[in-house]
Amino acid sequence: MKKVITYGTFDLLHTGHINILRRAKEFGDYLIVAISSDQFNALKDKKAYYSFEQRKAILEAIRYVDEVIPEHKWEQKVEDVQNNDVDVFVMGDDWKGKFDFLKDHCEVVYLPRTVGISTTQIKKDLNKANNG
Ligand code: C2G
C-alpha cells in the first residue's frame, strides 16, 4: 500500500484544500493528513476559526482522506514519515523547497496552489460584508 502524507491547518475548508487533498491521494492508496493543533497554529501565527477537533472531524469526512493525525511541531515530519511508512510527502508549492530534507526518507512533491482562494481571503470578505 502506497502511503501519502500532507500537512496543514485546513481551516474554513474550501476548494483549494479539496484540490490538494484529491491530488495528493492520486499519488498513492492511503492519505494521511497531519492537521495543525491550535497550539501549533499559534506558532504559525495563525488563529483558526474552527478548533482542532472540529477541523479533524471535517477532514475525516472527506472521501480522499484516510487518516488524520495532529501536527504539534515543525520537527515531527521525519518521524511521521518513518512511523507511518510514508512513501510520498505532498504540499502546496507555496512551500516549494522548504521540506526537501524529507527527500532522504520519501518522495517530495509540491503541487500548484489553487489560485484565487484562501482562508485569509474568506475571512476578509466576510468582515467586509458584515461591516459594510
Ligand atoms: N492550499 C492550496 N491552495 C490554496 C490554499 C491552500 O493548494 N488556495 C494548500 C496549501 O499549499 C497547503 C494546504 O492547502 O498544502 C493546507 O493549507 P493551510 O491550511 O494554509 O496550511 P499551512 O498553514 O500552509 O500549513 O507544516 C506545514 C504547515 O502545517 C502547512
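Just follow the structure's listing: the first ligand is 1, and inside any ligand the first atom is 1.
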Separation between CD1 (Ile32) and OG1 (Thr6), nearest 0.5 Å, reads 11.0 Å

Find the distance between OG (Ser37) and CG (Leu43) and round it off to the nearest 0.5 Å.
-> 7.5 Å

For atom 12 (C) of ligand 1, state which one of Ala48, Gly8, Ser118, Gly92 supplies the nearest heavy atom.
-> Gly92

So which protein heavy atom does [atom] come closest to, and at what separation?
atom	value
atom 14 (O) of ligand 1	Ile20 CG2, 3.6 Å
atom 1 (N) of ligand 1	Arg113 NH1, 4.0 Å
atom 11 (O) of ligand 1	Asp94 OD1, 2.7 Å
atom 20 (O) of ligand 1	Lys46 NZ, 2.9 Å

Would you mind running through ligand 1 and noting each atom that sits below 4.0 Å from a heavy atom of [X]?
X	answer
Lys77	26 (O), 27 (C)
Ser36	29 (O)
Phe10	16 (C), 19 (O)
Tyr7	26 (O), 27 (C), 30 (C)
Trp95	24 (O), 30 (C)
Lys44	22 (P), 23 (O), 25 (O), 28 (C), 29 (O), 30 (C)
Ile117	4 (C), 8 (N)
His14	5 (C)

N or O contact, Thr114 vs ligand 1, cut-off under 3.5 Å | yes

Answer yes or no: does an N/O atom from Glu71 fall short of 3.5 Å to an N/O atom of ligand 1?
-> yes

Aromatic plane relationship, Phe40 with Trp74 - under 30° parallel, 30 to 60° tilted, over 60° perpendicular = perpendicular

Take the angle between the ring planes of Phe99 and Phe89 and call it parallel below 30°, perpendicular above 60°, tilted in between.
-> perpendicular

Contacts of Asp94 that satisfy salt bridge (charged side-chain N to carboxylate O under 4.0 Å, His left out) - sequence neighbours left out = Arg113

Taking side chain as C-beta onward, heavy atoms only, is [X] less than 4.5 Å from [Y]?
X	Y	answer
Arg63	Arg22	no
Met91	Tyr7	yes
Leu102	Val86	no

Does one side chain, of Thr114 or Asn19, offer a donor that lies under 3.5 Å from an acceptor on the other?
-> yes

Going by the 4.0 angstrom heavy-atom rule, the piece of Thr9 near ligand 1 is both

Which residue pairs pass the salt bridge (Lys or Arg N to Asp or Glu O under 4.0 Å) test when at least one of the two sits in residues 40-57, sequence neighbours left out?
-> Asp38-Arg55, Lys56-Glu60

